[in-house]
Amino acid sequence: MNKMMTLLASVMLLASACTGKQASEKTASGLEPANFRTEVDGKQTDLFVLENKNGMEVCITNFGGRIVSVMVPDKDGVMRDVVLGFDSIQDYIKFPSDFGATIGRYANRINQGKITVDGVEYQLPRNNYGHCLHGGPKGYQYQVFDARQLSNQVLELTYLSKDGEEGFPGNLTCKVTFSLTDDDAIDIRYSAETDRTTVVNMTNHSYFNLDGDPSKSNSDYLLTIDADAYTPVDSTFMTTGEIVSVEGTDMDFRTPTAVGARIDNDFEQLKNGKGYDHNWVLNTKGDITRPCATLESPVTGIVLDVYTNEPGIQIYAGNFLDGTLTGKKGIVYGHCASVCLETQKYPDTPNKPEWPSALLKPGEKYDSHCIYRFSVKK
């Protein structure tokens, strides 16, 4: 009976993945769906294709809830793939990364991997400079989500994070819904419920290269962040607990500024972060209708506006990309080949009670919303 159920689930997943796209067809971005069809930890993985009326295409795999490719038009109408990733599930397994992933249970860093919930201290994995990063070494980016493609433009992923997984308390039922809208936006909604008080902070970790050419760096991209303050970090990338004004510093992106314009300056925070790898305190205060950040390529004219109901956004400029990874189509990913825009709670919020809470209690519902909207500036 269990074998029959597994077979049935695999058949349903395959049928779902083929909605709007034949299994043998290459995607517009050049991906081979067969390269994403395998088993990981006894669960079926696949590639899911979303398309809108404008010809925009988004490919997602349920391995790690990852956005694998995003095809959008540039100012000349040429379709370009604007995210980093790999050509197969085997590459995602062989070369551990956060490319395009759904991050959880807690995105970003938790100091020394320690949290206290309802008076009980929990020790989480310490996988980054002594801290717990992105939910630990077996966070959601390495788990297989259950997938249902609801239409050509909507994919629903669900995952049960069991009590004690990576040290976190509570059975957490998570859902991530990707919707490709007809105004060229990837609308991502996260929801979760728990049977014990826990902490939750989910985000998407897409590496955006708006030139559609990851052999080039992000130095000329214009970045705008609607934030008057940020949370400084120490030399281990851990937030200090301060909230500091961006005024007069290299962290001020309130007007469009090239990502590389100041990144090599003699500024302590840029040294600590090896460039930009910081959380900004958003002025938008949860207003999902107001862009919190904008990234633009002067070369292609592609503009990415980010919207969120979260209080912060982590901007990571690909500082640790070093040319050792070869991604889609055999392109080597060099230093600063992308920009990540991760909407979330502030880092280490569980240990800083004065910051917006990441606690989730039984009977409550976690709700996080992020929109990546693409347009063209000619």
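For this chain, numbers begin at 1 and follow the sequence in order.
If you take CD on Gln143 and CG on Leu160, they are separated by 10.5 Å, rounding to the nearest 0.5 Å. Atoms NZ and OG1, on Lys352 and Thr231 in that order, are 8.5 Å from each other to the nearest 0.5 Å. A distance of 11.5 Å separates OG of Ser297 from CG of Leu304, quoted to the nearest 0.5 Å. Atoms CD1 and CG, on Ile331 and Leu84 in that order, are 8.5 Å from each other to the nearest 0.5 Å. Atoms OH and CZ, from Tyr92 and Phe63 in turn, are 9.5 Å apart once rounded to the nearest 0.5 Å. The line from CE of Met202 to OG1 of Thr343 is 11.0 Å long, rounded to the nearest 0.5 Å.
Residues Lys216 and Tyr221 form no side-chain contact, since every pair of their non-hydrogen atoms from C-beta on lies 4.5 Å or further apart. Phe36 has its side chain out of reach of Cys59: every pair of non-hydrogen atoms, C-beta onward, lies at least 4.5 Å apart. Counting only heavy atoms from C-beta outward, the side chains of Gln149 and Leu50 approach each other to under 4.5 Å. Contact check for Ser97 versus Arg66: side-chain heavy atoms found under the 4.5 Å cut-off. With contacts defined as side-chain heavy-atom distances shorter than 4.5 Å, the pair Asp220/Val299 does not qualify.
Formation of a donor-acceptor pair under 3.5 Å by the Asn218 side chain with backbone atoms of Ser338 is found in this model. In this structure, Tyr129 contributes its side chain and Ser235 its backbone to no donor-acceptor pair below 3.5 Å. Checked by atom type and distance alone, the side chain of Lys345 never pairs as donor or acceptor with a backbone atom of Ala358 at under 3.5 Å. Between the side chain of Asn62 and the backbone N or O of Gly65 there is no donor-acceptor pair closer than 3.5 Å. For the pair Thr308 (side chain) and His369 (backbone), a donor-acceptor distance under 3.5 Å is present. Looking at Arg105, its side chain does come within 3.5 Å of a backbone N or O of Ser161 through a donor-acceptor pair. Side chain of Asn204 to backbone of Ser206: a donor-acceptor contact under 3.5 angstrom is found. Side-chain atoms of Thr61 come within 3.5 Å of backbone atoms of Asp46 as a donor-acceptor pair (strictly under, hydrogens ignored). The closest donor-acceptor contact from the side chain of Asn52 to the backbone of Gly55 lies under 3.5 Å. A donor-acceptor pair is defined here as one N or O able to donate and one able to accept, closer than 3.5 Å; no such pair exists between the side chain of Asn309 and the backbone of Gly286.
Taking a 4.5 Å side-chain heavy-atom cut-off between Ile, Leu, Val, Met, Phe, Trp and Tyr, the cluster of Ile110 extends to Tyr106, Ile115, Val117, Val120, Tyr122, Leu124, Phe168, Val199, Leu359. Summarising the hydrophobic clusters (Ile, Leu, Val, Met, Phe, Trp, Tyr; side-chain heavy atoms under 4.5 Å, direct or chained), the residues clustered with Met71 are Met79. Within the hydrophobic cluster formed by Ile, Leu, Val, Met, Phe, Trp and Tyr side chains joined at under 4.5 Å, directly or through other members, Val233 stands alone, with no partner residue.
With sequence neighbours left out, Tyr372 forms a ring-ring contact (aromatic ring centres under 6.0 Å, His included) with Phe208. Residues satisfying the ring-ring contact (aromatic ring centres under 6.0 Å, His included) test with Tyr366, not counting sequence neighbours, are none. Contacts of Lys271 classified as side chain to side chain contact (heavy atoms under 4.5 Å, CB included), with partners at least two apart in sequence or in another chain: Asp266. Contacts of Phe320 classified as ring-ring contact (aromatic ring centres under 6.0 Å, His included), with partners at least two apart in sequence or in another chain: Phe237. Lys328 meets the side chain to side chain donor-acceptor pair (under 3.5 Å) test with Asp81; sequence neighbours excluded. Listed by chain and number, the residues in a ring-ring contact (aromatic ring centres under 6.0 Å, His included) with Phe99 are Phe86, Tyr207, Tyr333 (sequence neighbours excluded). The side chain to side chain donor-acceptor pair (under 3.5 Å) search around Ser191 returns none, not counting sequence neighbours. Considering only residues two or more places apart in sequence or on other chains, Gln344 meets the side chain to side chain contact (heavy atoms under 4.5 Å, CB included) condition with Ala107, Asn108, Asn201, Thr203, Gln314, Glu342.
Between Arg109 and Asp348, none of the side-chain N atoms (NZ, or NE/NH1/NH2) sits under 4.0 Å from a carboxylate O, so this pair counts as no salt bridge. Looking at Arg80 and Asp213, no side-chain N of the basic residue comes within less than 4.0 Å of a carboxylate O on the acidic one, giving no salt bridge. Ion pairing between Lys138 and Glu166 fails under the 4.0 Å rule for side-chain N and carboxylate O. Taking the charged nitrogens against the carboxylate oxygens, Glu247 and Arg254 do have a contact shorter than 4.0 Å, which makes a salt bridge.
Applying the ring-ring contact (aromatic ring centres under 6.0 Å, His included) rule to pairs touching residues 270-315 yields Phe253-Tyr276, sequence neighbours excluded.
The only option from Asp187, Asp305, Asp183 that meets the salt bridge (charged side-chain N to carboxylate O under 4.0 Å, His left out) definition with Arg373 turns out to be Asp183.
Leu325 and Leu31 fall within the same hydrophobic cluster, defined by Ile, Leu, Val, Met, Phe, Trp and Tyr side-chain heavy atoms under 4.5 Å apart, directly or through other members. In this structure, Leu270 is not a member of the same hydrophobic cluster as Met238, with clusters built from ILVMFWY side-chain heavy atoms closer than 4.5 Å. In the hydrophobic clustering of ILVMFWY residues, with side-chain heavy atoms under 4.5 Å counting as a link, Val244 and Ile313 come out together.
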* For the pair Glu296 and Leu210, evaluate side chain to side chain contact (heavy atoms under 4.5 Å, CB included) and give the outcome as yes or no after the intermediate values. => CA-CA 7 Å; Glu296 176 190 342; Leu210 299 187; 5.5 Å; no

* Show the numbers, then the answer: is there a side chain to side chain contact (heavy atoms under 4.5 Å, CB included) between Ile225 and Leu282? => CA-CA 8 Å; Ile225 310 172; Leu282 294 174; 4.3 Å; yes

* Kindly indicate, with the supporting measurements, whether the criterion side chain to side chain contact (heavy atoms under 4.5 Å, CB included) is fulfilled by Thr27 and Val68. => CA-CA 11 Å; Thr27 68; Val68 181; over 6 Å; no

* To do: Test side chain to side chain contact (heavy atoms under 4.5 Å, CB included) on Phe95 and Thr326 and set out the steps.
  => CA-CA 9 Å; Phe95 305 109; Thr326 300; over 6 Å; no

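Residues Asp195 and Asn171 have side chains that bring a donor and an acceptor to within less than 3.5 angstrom of each other. A side-chain donor from one of Ser368 and Glu310 sits under 3.5 Å from a side-chain acceptor of the other. Asn283 and Asp226 share a donor-acceptor pair across their side chains, judged by distance under 3.5 Å alone.
When all heavy atoms of Ile243 and Ala229 are compared, the pair lying nearest together is CG2-CB, 3.7 Å.
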